[in-house]
Amino acid sequence: MADHALELLDITCTFRARDDARQRYTAVADTTLCVAAGEFVSVVGPTGCGKSTLLNVAAGLLEPSAGSVRVFGRPLAGINARAGYMFQSEALMPWRSALANVMVGLQYRGMAEAEARAQATQWLARVGLAGFEDRYPHQLSGGMRKRTALAQTLALDPDIILMDEPFSALDVQTRQLMENEVLDLWAGGEGRRAAPSPERTPLGGGHAVPGGRGRKAVLFITHDLDEAIAMSDRVVVLSAGPATHPIGEFVIDLPRPRDVAEVRMHPRFVELHSQIWGVLRDEVLKGYAQQLQKAA
Ligand SMILES: Nc1ncnc2c1ncn2[C@@H]1O[C@H](COP(=O)(O)OP(=O)(O)OP(=O)(O)O)[C@@H](O)[C@H]1O
Ligand SMILES: [Mg+2]
């Protein structure tokens, strides 16, 4: 479908066991998952079920054993150049300052140093890090490192944003701040603010174009159901592994703009939470039991 930014079609991912090449583990099986242009989709599922695996497939970092990926209607071959990826683990280069970390992707794309510096500075300011340009990752707090990673991803102006539990290591307050900021940037600065800020463009867009390009498509991985509901247009629930696949899909018809802390009090939020948790609960318990078994 042309209006889909990203289509994962009948994806299966089978891994070889590390200690015994004859043994195989099917992490994800027959999974179809689509994100429309401008849509914010979250995927929730128990730990170890295959969420990062699916995101790696969407990024073109992992070739599925079966199935296909389409990006804006075209088959994906190799790295997904239309997507920006925010990893689950910290991915900043420790030997580069915050500014240099944000600049590096722009320079790889052939941008002249002065222009890359100007854009990276602008992006650091947008994520609230003006004045921290020269700090190295070890001189930044966990939240600031995540902000830098966010600036790094958005500076490249991707049409699709892939986020793998980006804020799970943060304390609750910092996390909610960051979630609101992501929503705000995604909405083009009109998020929770009454008056749109002219400097902000919808997620990405190094150049300020008021009323410019539309929202980005976002595929957001989390195991936190509250976060998924608060942020998304749609929540997809994955089963526990092996052979993980979607077992439920819910349209989040909560009004926007949203404040992630306040929206939790909305009666519709509570209703959606209880519906989705009804589907997710058993899978979480299964996933947990499997982890214990693996550890034994
Ligand atoms: N390269 C690999 N080789 C072998 N097994 C793998 C590989 N990558 C992932 N797996 C296995 O596939 C399953 C899914 O892993 P994945 O990292 O996608 O889970 P996840 O849902 O992202 O987990 P978490 O919530 O803990 O981040 C796990 O059982 C994992 O051990
Ligand atoms: Mg993961």
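Order of listing sets the numbers, starting from 1, for every ligand and every atom in it.
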Side-chain contact, heavy-atom cut-off 4.5 Å: Asp134 with Gln139?
->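 SC-SC contact between Asp134 and Gln139 ruled out.
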
[X] with [Y]: basic N within carboxylate O range, under 4.0 Å:
{"X": "Arg175", "Y": "Glu227", "value": "yes"}
{"X": "Lys146", "Y": "Glu179", "value": "no"}
{"X": "Lys51", "Y": "Asp164", "value": "no"}
{"X": "Glu181", "Y": "Arg147", "value": "yes"}

Does atom OH of Tyr288 have more than 12 heavy-atom neighbours, drawn from other residues, nucleotides or ligands, at distances under 6.0 Å?
->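 Check fails, neighbour count at 12 or below.
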
Please check atom 14 (C) of ligand 1 for a protein heavy-atom neighbour under 4.0 Å.
->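 There is a protein heavy atom less than 4.0 Å from atom 14 (C) of ligand 1.
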
For atom 25 (O) of ligand 1, the option (of His223, Lys51, Arg24) bearing the nearest heavy atom |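 The nearest heavy atom belongs to Lys51.
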
In the protein, which heavy atom is nearest to [atom], and how far is it?
{"atom": "atom 28 (C) of ligand 1", "result": "Gly48 O, 3.5 Å"}
{"atom": "atom 2 (C) of ligand 1", "result": "Phe15 CD2, 3.5 Å"}
{"atom": "atom 27 (O) of ligand 1", "result": "Gln88 NE2, 2.9 Å"}
{"atom": "atom 17 (O) of ligand 1", "result": "Ser52 CB, 3.7 Å"}
{"atom": "atom 19 (O) of ligand 1", "result": "Gly50 N, 3.3 Å"}
{"atom": "atom 16 (P) of ligand 1", "result": "Thr53 OG1, 3.6 Å"}
{"atom": "atom 26 (O) of ligand 1", "result": "Thr47 OG1, 2.7 Å"}
{"atom": "atom 29 (O) of ligand 1", "result": "Lys294 NZ, 3.1 Å"}

Of the backbone atoms (N, CA, C, O) and the side-chain heavy atoms from C-beta on, which set of Ala27 has a member under 4.0 Å from an atom of ligand 1: side chain, backbone, both, or neither?
->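 Ala27 to ligand 1: side-chain contact only, backbone stays beyond 4.0 Å.
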
Using only atom types and a distance under 3.5 Å, with no angle test, would you say the side chain of [X] pairs donor to acceptor with the backbone of [Y]?
{"X": "Thr26", "Y": "Val28", "result": "no"}
{"X": "Thr244", "Y": "Leu238", "result": "no"}
{"X": "Ser168", "Y": "Glu165", "result": "yes"}

Look at the rings of Trp186 and Phe40 and say which category their plane angle falls in: under 30° parallel, 30 to 60° tilted, over 60° perpendicular.
->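 Because their plane-to-plane angle is over 60°, the rings of Trp186 and Phe40 count as perpendicular.
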
Which ligand 1 atoms, with their elements, are less than 4.0 angstrom from a heavy-atom of Glu165?
->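 Going through ligand 1 atom by atom, the ones under 4.0 Å from Glu165 are 25 (O), 27 (O).
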
Distance filter under 2.8 Å, centred on the Mg ion (ligand 2) - protein N, O or S atoms that pass it =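 Hits for the Mg ion (ligand 2) below 2.8 Å: Ser52 OG, Gln88 OE1.
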
Do Glu283 and Ser239 pass the side chain to side chain donor-acceptor pair (under 3.5 Å) test, and can you show the C-alpha distance, the side-chain angles, and the key distance before you say yes or no?
-> CA-CA 6 Å; Glu283 303 307 315; Ser239 69; 4.6 Å; no

Heavy-atom contact under 4.0 Å between Cys49 and ligand 1?
->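 In this structure, Cys49 qualifies as a contact of ligand 1 - some heavy atom is under 4.0 Å.
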
Let me see the working for Val235 and Glu249 under side chain to side chain contact (heavy atoms under 4.5 Å, CB included), right down to the final yes or no.
-> CA-CA 6 Å; Val235 172; Glu249 194 181 306; over 6 Å; no

